[in-house]
Amino acid sequence: MDLSNWALCVLAAGEGKRMASQIPKNFIPVLGRPLFAYLFEEIKACQFGEIAVVIRKEMQEYLQEFLAKEPRLKMVFQERPLGTAHALQSALPELSSSTEKVMVIYADMPLLRHETLSSFASFFLANQLEVALTTSLVEDPRGYGRIVRSACGEVLEIREEKDCSPEDLAIKEVNIGIFAFDRLTIQDLLARVDNCNQQGEFYLTDVVALACKEKRKLKSYTLPWREEFINLNTPSDLAAVTAYLRNQKNQSLLGQGVKMIDPENTWVDWEVEIGRNTWLYPGTVIEGKSKIGENNRIGPFSLLVDTTTGNSCKIIFSAVEGAVIEDEVEIGPFAHLRPGTQLERGCRIGNFVEVKNSHIGAGTKALHLAYLGDAQIGKKVNIGAGTITCNYDGSRKNPTFIEDEVFIGSNNSLVAPVRIGRGAYTAAGSTITRDVPPESLGIARARQKNLENWVQKKKEREMKKEQ
């Protein structure tokens with residue numbers, strides 16, 4: 001439908017004190033995106049002529065990324081938090097002269113769907129209204145304003161919960177928080193809203209009572225209760241919203257052929273892509289802009305952040321951050337891959353191995369108890385247990401180069417910068433401080449010396465001291 005002469009006003013200036021968050025509640029990240037991003041995608045899908053978001057000045061940094069994506073979007077500043085009516089009053093003068101109708105929503109409804117906004121606009125136009133509100137019947141109306149109706153069923157007012165009498169609190173019909181107005185009508189009504197209430201604020205909901213008294217064309221649009229109407233006010237609300245979005249993402253992945261053993265204990269960020277027939281085991285968390293190929297096994301209890309994998313990989317009980325992983329790689333259990341890690345086809349990184357800013361060639365194995373940092377490692381290399389690249393000299397990080405088909409013995413310390421040539425070996429227990437030529441054996445350890453009868457002599461010395 002044509003909404004080009006409509007403006008959508010999003011009220012986002014609330015302080016959100018009950019959320020007790022340093023980040024404004026509407027921009028708290030959930031599944032890797034600020035909450036406002038979910039609402040933003042929906043309101044973009046409606047063809048409103050313009051979109052005004054009312055915020056406090058200190059919040060503008062959070063809105064910048066959205067301004068860059070949507071030319072219809074504009075910021076409006078509410079200088080002082082005087083209430084929702086005052087917030088809308090701040091926005092109206094900023095709207096273009098061609099705007100005739102205004103829809104108002106609260107930013108703390110991140111699950112709101114564009115279909116709901118479009119159908120509400122159609123209802124408003126079909127009934128040639130001046131004022132419209134949305135309502136729903138709920139079993140537990142706590143936290144919502146109540147709809148007060150006359151004996152014949154007409155809406156008389158919205159009574160905010162803090163101003164309700166015990167009788168009002170028993171009302172099950174609540175204000176959802178979506179309004180539509182004729183622009184001239186709302187300008188007139190807002191000028192006469194007062195702040196005579198428990199909060200001392202100018203409530204937008206008070207325009208309903210004013211419209212009724214003045215016989216304005218007003219109707220309510222009653223909808224069945226859905227999760228999309230959850231208002232984000234408390235940490236409990238945030239948990240409910242997060243659970244809903246997690247379920248939406250997981251159901252989408254399941255529909256694409258991804259397998260999940262336990263979807264309720266599997267967390268995948270909204271922007272993550274996963275190929276068909278990849279199995280996600282319980283406790284798996286995949287974050288950021290990760291891209292996971294097909295036929296992989298991820299988990300149980302694995303964390304992947306901003307990581308790309310090929311196909312047919314296994315990642316078990318491990319943490320992987322900022323890594324690029326090719327096909328048929330096996331990682332874990334209990335491995336840690338840090339940013340800058342690149343693993344070529346068929347690598348195996350085993351238990352308690354840490355890799356950082358290193359490129360590891362195809363078929364290379366580091367199966368246990370190793371640290372590989374700032375290293376360039378070739379193909380078909382064997383890294384023995386207990387091996388570390390000593391990359392930090394106290395002031396800078398130095399590189400280690402291990403060429404193809406090298407065998408690094410157990411318990412080696414490779415003191416960078418150092419190069420191990422193609423096909424070379426290093427002996428177990430060595431501290432390698434110089435380059436090892438190709439096809440050579442590097443040995444760097446003290447010659448063993450055995451002191452015979454040392455234990456007996458020690459005991460004799462101790463006995464003499466006791467005497």
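Just so we're clear, the structure is a prediction, and the values are computed from it rather than from any experiment. If you read the sequence from its start, that first residue is 1, and numbering goes on from there.
At least one donor-acceptor pair closer than 3.5 Å links the side chain of Thr387 to the backbone N or O of Gly384. Of the possible polar contacts, none joining the Glu157 side chain to the Cys212 backbone as a donor-acceptor pair under 3.5 Å is found. Side-chain atoms of Lys356 do not come within 3.5 Å of backbone N or O of Leu372 as any donor-acceptor pair. A donor-acceptor pair under 3.5 Å is absent between the side-chain atoms of Asn247 and the main chain of Ala243, judged by distance alone. Between the side chain of Asn195 and the backbone N or O of Phe202 there is no donor-acceptor pair closer than 3.5 Å. Between the side chain of Thr84 and the backbone N or O of Tyr203 there is no donor-acceptor pair closer than 3.5 Å. Listed for the Tyr38 side chain is a donor-acceptor partner under 3.5 Å among the backbone atoms of Val30. Between the side chain of Asp269 and the backbone N or O of Val272, no donor-acceptor pair lies under 3.5 Å. With hydrogens and angles disregarded, no donor-acceptor distance shorter than 3.5 Å links the side chain of Lys365 to the backbone of Arg348. At distances below 3.5 Å, at least one donor-acceptor pair connects side-chain atoms of Glu42 with backbone N or O atoms of His114.
Rounded to the nearest 0.5 angstrom, Glu328 CD and Asn296 CG are separated by 10.5 Å. Separation of atoms CG (Asn250) and CH2 (Trp267) is listed at 8.5 Å; rounding is to 0.5 Å. The line from CD of Gln187 to CG of Leu189 is 10.5 Å long, rounded to the nearest 0.5 Å. Here the CD-OG distance, from Glu271 to Ser290, works out to 11.0 Å after rounding to the nearest 0.5 Å. A distance of 8.0 Å separates OG of Ser358 from CG of Asn391, quoted to the nearest 0.5 Å. The CD1 atom of Ile274 lies 9.0 Å from the OG1 atom of Thr284; values are rounded to the nearest 0.5 Å.
Residues Ile230 and Ala240 share a closest heavy-atom pair of CD1-CB, 4.2 Å. In this structure, Ala211 and Val131 approach most closely via the heavy-atom pair CB-CG2, 4.0 Å. Considering every non-hydrogen atom in both Leu95 and Ala52, the closest pair reads CD2-CB, 4.1 Å. Minimum interatomic distance between Val193 and Val207 (heavy atoms only, all atoms of both residues): CG2-CG1, 3.7 Å. Pairing each heavy atom of Gly299 with each of Ile316, the nearest pair is O-CG1, 3.8 Å. Nearest heavy-atom pair across Gly310 and Asp327 is CA-OD1, 3.2 Å.
Residue Glu264 places its CD atom among 12 or fewer non-hydrogen atoms of other residues, nucleotides or ligands, all under 6.0 Å distant. Summarising the local packing, CH2 of Trp270 is surrounded by more than 12 heavy atoms from other residues, nucleotides or ligands at distances under 6.0 Å. Few gaps surround NZ on Lys172; more than 12 heavy atoms of other groups in view lie less than 6.0 Å from it. Counted within 6.0 Å of CD on Gln128, heavy atoms from surrounding residues, nucleotides or ligands total 12 or fewer; the atom is thus considered open. Remark: Lys57 NZ is loosely packed, at most 12 non-hydrogen atoms of other residues, nucleotides or ligands lying under 6.0 Å away.
Between the side chains of Asn5 and Glu100, a donor-acceptor pair is found at a separation under 3.5 Å. For the residue pair Thr234/Asp237, the side-chain donor-acceptor check at 3.5 Å is satisfied. There is no side-chain donor-acceptor pair under 3.5 Å between Gln376 and Thr400. With hydrogens and angles left out, the side-chain atoms of Ser4 and Asp2 include a donor and acceptor closer than 3.5 Å. There is no side-chain donor-acceptor pair under 3.5 Å between Ser252 and Gln248. If you check the side chains of Asn357 and Asp374, you find a donor sitting under 3.5 Å from an acceptor. A donor-acceptor contact closer than 3.5 angstrom is absent between the side chains of Glu201 and His86. For Thr222 and Thr135, the side-chain atoms include at least one donor-acceptor pair closer than 3.5 Å. Under the 3.5 Å distance criterion, with hydrogens and angles disregarded, no donor-acceptor pair is assigned to the side chains of Asn197 and Asp163. Side chains of Thr116 and Arg226: a donor on one and an acceptor on the other come within 3.5 Å. With hydrogens and angles left out, the side-chain atoms of Lys259 and Asn277 include a donor and acceptor closer than 3.5 Å.
A salt bridge links Glu70 to Arg72: at least one charged side-chain nitrogen sits closer than 4.0 Å to a carboxylate oxygen. Here Glu173 pairs with Arg149 in a salt bridge; the nearest charged N to carboxylate O distance falls below 4.0 Å. With respect to the salt-bridge test (charged N to carboxylate O, under 4.0 angstrom), the residues Glu161 and Arg146 qualify. Salt bridge Arg33/Glu41: present, at least one basic N to carboxylate O contact under 4.0 Å. A salt bridge links Arg159 and Asp168; the closest N-O separation between the charged side-chain nitrogens and carboxylate oxygens is under 4.0 Å. A salt bridge does not link Asp404 with Lys380: none of the charged nitrogens is closer than 4.0 Å to a carboxylate oxygen. Here Glu130 pairs with Arg216 in a salt bridge; the nearest charged N to carboxylate O distance falls below 4.0 Å. We find that Arg338 and Glu354 are joined by a salt bridge, their nearest charged nitrogen and carboxylate oxygen being less than 4.0 Å apart. Ion pairing of Glu94 with Lys74 is absent here, as no side-chain N (NZ or NE/NH1/NH2) approaches a carboxylate O to less than 4.0 Å.
Counting only heavy atoms from C-beta outward, the side chains of Val53 and Val76 never approach each other to under 4.5 Å. By the 4.5 Å heavy-atom criterion applied to side chains, Thr307 and Glu321 are not counted as neighbours. Within the 4.5 Å cutoff, the side chain of Tyr62 has heavy atoms near those of the Ile23 side chain. Using a 4.5 Å cut-off on side-chain heavy atoms (C-beta onward), Ser90 and Glu79 make no contact. At least one side-chain heavy atom of Ile147 sits under 4.5 Å from a side-chain heavy atom of Leu133. Put simply, the side chain of Val102 reaches to within 4.5 Å of the side chain of Leu92, judged on heavy atoms. Put simply, the side chain of Thr266 does not reach to within 4.5 Å of the side chain of Tyr281, judged on heavy atoms. Looking only at side-chain heavy atoms (C-beta outward), Val268 and Arg246 stay at 4.5 Å or farther from each other.
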Checking side-chain hydrogen bond (donor to acceptor under 3.5 Å, both in side chains) for the pair Thr205/Glu160: CA distance, chi angles, key distance, verdict? CA-CA 8 Å; Thr205 50; Glu160 295 293 353; 3.0 Å; yes
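The ring-ring contact (aromatic ring centres under 6.0 Å, His included) test with Phe120 singles out one residue from Tyr221, Phe179, Trp6, Phe181, and that residue is Tyr221. Screening Ile292, Thr308, Val320 for a side-chain contact (heavy atoms from CB on, under 4.5 Å) with Ile325, the sole residue that qualifies is Val320.
Both the sub-6.0 Å distance and the 45° axial angle are not jointly satisfied by Arg56 relative to the ring of Phe77.
For Phe36 and Phe66, the ring centers are positioned less than 6.0 Å apart.
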